[in-house]
Each structure stands twice: as C-alpha cells, then as structure tokens.
Amino acid sequence: MPSEETKERIVKVIEVGRTVLHYGWIPLIIYVGFTRSNPQPSLIKLISPLA
Amino acid sequence: MASSPPVPVKETLLDAYPTLSQGSYFAPISPLFNAYDRFALWRADLGLPSPGTVENLQKETKTTHLSNFIFDGARADLTKSLSMNPLFQVTHSFALGSQTSPSSYNFGAIFGSTKVFLQGGVDHDGNVSGRFNYGWTPSSVSKLQVQLSQQAGHNMIQLEHDYQGADFSLNAKSMNPSPIDGTGIYFGSYLQSITKNLALGCESVYQRPTPDVSELSTSYLAKITGTDKNWIATAQTQGLGVLQATYWQKLSEKVEVAAELQLIAMPNRREAITTIGAKYDLRLATFRAQFDSTGKVSALLEQRFTPTFAFLISGEIDHMKAGAKVGVGVMIESSSLTPEEMGMPPQP
C-alpha cells in the first residue's frame, strides 16, 4: 500500500492531468490535424462553420 | 512402380527454429513446444472465421433499428472535411427545440491515420469528450476514452485494449480505475469461434465502487452466423435474469430487417420488450421503421438531395402514453478539397 504522501502526489498528478486534457484535447487534435493534413487547410476554414 | 509424390511437410516450430531441437537448453521442454505446435496447426486447419468483437455483437441489429438514430426537435450538422488521407474533419452541430434535452451546440474534430485515431468534442457548457485509439498492429488496438466536465464527479476515463486473433477476440476494459485504492469497474470479455457458424463467449464485470465492496458478475454470449453471412442471431445473458436476443437478416442488397427481444425475469420485476425494425437503403435515401411491444411506432427518413446535403425527418408515436415526437434535421458536408483530392474519379 502506498504511503499517504505518495497517495496525495498521485491525486495531484491526476488532477493536473485531467485539467490539461480538458483544455488541451481539442487544440491538440486541431494542431495534429492541421499539421498533418494534405493539403494544409487555411485556418479560417477550420474554425468558422460557414467558410 | 511410380513413387508416390512427396507429402508436403508443414513447417513446424522446430523447423523454423532449428536451435530448439539442437540446443540443449530447450531440449527438456521441446515436447511442450511440439504439442503446442501441433495444437496450433490443428486449430489453423479448422479455418475458423473471426467472430467479431463482443462490443459489436449486436452491431447489425443496432444499425438496422433506429433507436440509436432517432432525435426530436431540430438539428443541423455541418461537417467539413479538410483532408482525406489522413482523415481530418471538423463538425459543428446544433440542436434545439427538443422535449427531452436542452438546446445545445457541439464542436467536434476527428483525425484518423492508419495507426492513430483522435476524436474530440466540446459543447457550449465546456464539457469535453475524447477518444484516442492507437493500433500497435492491425489486430491489437489500445483505446482511451474520456469525458471531462466542469462539475466534479461527472468525469469518466476508460482504458481499453482489444486483441483480435484469427478465430477469437479478447477485450479488457477498465472504467475510472484508481491507482490509489484499486476502485473502478473492470470488464473482460472473450469470444471464440467454435464452428464456422457458431461463436461462444463470456464477459465478466468486476465492480469495486469502494475498497471494501466488490462484486463479480459474468454474462454469456452466443452468436450464430449464416453460412453466406446474410443472417446473424445472437443471445446474451446479462447478470441476474436478463436475456437479450437479436436476429438480423439481409433480405436483399437494399433491405435489412432485425428483431430484438429483451427479457427481464427478476423476482420483483418481470417484463419483456420486443422490437422489430426494417431498414431500406435506397440510392439517395435511407429509411428506417420500427415498432415495439410497448406500443411505440417510429420512422426515420434520411434523404440526400446532393451528395453533400441530406435532410432528415423522424417521428415517433407512443400509443400507450399517447405521446408523439417529431424531428427535422439537415446535414451539410462541405469540403475544401477538389474531387481529385478526395479520391473520386474526375467528372467528365
């Protein structure tokens, strides 16, 4: 069984990871898609629903 | 006297690894290798087909029925394909006027290459859902699924690994696993082809909501596929006294029918629901209709006017509760790509 200190550290790491994932997941997909796409799309087409 | 042609000798493990038979290290266990090898050969000789995954056991029935597709109110989906290979598309979806759920806006993005699949969605409240699949080999895929929300306690993380053998499939899944006290829900499932038509399997669920409480339950599955794969029957027991059976048949290229029976026989609750539905795939339209034993009749029409513009209309009448639901929707797919880039043949 891990000690109390380790437990606290794990909880903190999970919390940070969760927050990073929450705000970073969509930007990550857009970044990966934008850089790997062939041909590379323009940014305005990516964001706006009407363009 | 003509000598008989040489019998083709199948390559065995020992032939492939000559050191195994010569090397002294492995000599004591070489009978074991031999036995395993013969068993593997015998198994390969049976030529059993892949049984599909446990998750997709009722997939054919589910895509024929419209329970997963029906909506009410108005909705619009604007999909934009920005790249075909690798796949990259973004979706804006709007829904309003629904009786059951509030109006919502959702932005989604999908990226897919041969090995990696990324999917994410965010709604107007800031709830994020995501999926990440990584294929180590075509038959071995790891999956991560998350649901993140602003409120505490609504977060979900699911780790999953799928392995598909030649005649079996294996899946392990954990939901909200905690590395600290081991709480969470754990799933394990195995499906094995027994004959060319029959596959049997089981799925175990181990629930551990708190460190002191734990519960294990096992359900059993069976799947019978027609020899020419145009009908599939499945049965699944779920925990205590719940049985789910489905039957799906492809009547022609354009028509599929499916029936589903759900039986609940618990001491304090006994009920059964049957659903029968049909799906027509026409050239520019898909029409689904179904009715069930609770008195619900529903239909969904998806009409494509052009390849990029589809119009959806759905309706449901509940005869027992005297209720009705109507939905209309549009789906617009736009693309910044030329037809050549999308891999279509050039128009004359």
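Numbers restart at 1 for each chain; the letters A, B, ... are given by sequence-line order, proteins then strands.
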Handout entry: Proximal component of B:S149, with respect to chain A [non-hydrogen, under 4.5 Å]
Key = backbone
Completion exercise
All heavy atoms of B:L66 vs all of B:L300, minimum pair found to be CD2-N, 3.6 Å
Handout entry: Side-chain (B:T63) to main-chain (B:E60) donor-acceptor, under 3.5 angstrom
Key = yes
Completion exercise
Residue from B:F111, B:F88, B:F132 scoring the most non-hydrogen pairs under 4.5 Å with chain A is B:F88
Handout entry: Toward chain A, the part of B:Q89 with a non-hydrogen atom under 4.5 Å
Key = neither
Exercise for the section: For the pair B:T286 (side chain) and B:L282 (backbone), establish whether a donor and an acceptor sit closer than 3.5 Å, ignoring hydrogens and angles. Expected result: no
Problem - A:K12 and A:E8 ion-paired at < 4.0 Å - result: no
Handout entry: Backbone of B:N127 reached by a side-chain donor or acceptor of B:D125 within 3.5 Å
Key = no
Handout entry: chain A contact via B:V122 - side chain, backbone, both or neither, heavy atoms under 4.5 Å
Key = both
Problem - Part of A:I29 lying under 4.5 Å from any heavy atom of chain B - result: both
Problem - Heavy-atom proximity to chain B below 4.5 Å, by part of A:L21 - result: both
Practice task
Please check if the side chain of B:S314 supplies one atom and the backbone of B:F71 the other of a donor-acceptor pair under 3.5 Å.
Solution key: yes
Problem - B:T91, part contacting chain A, at a heavy-atom distance under 4.5 Å - result: neither
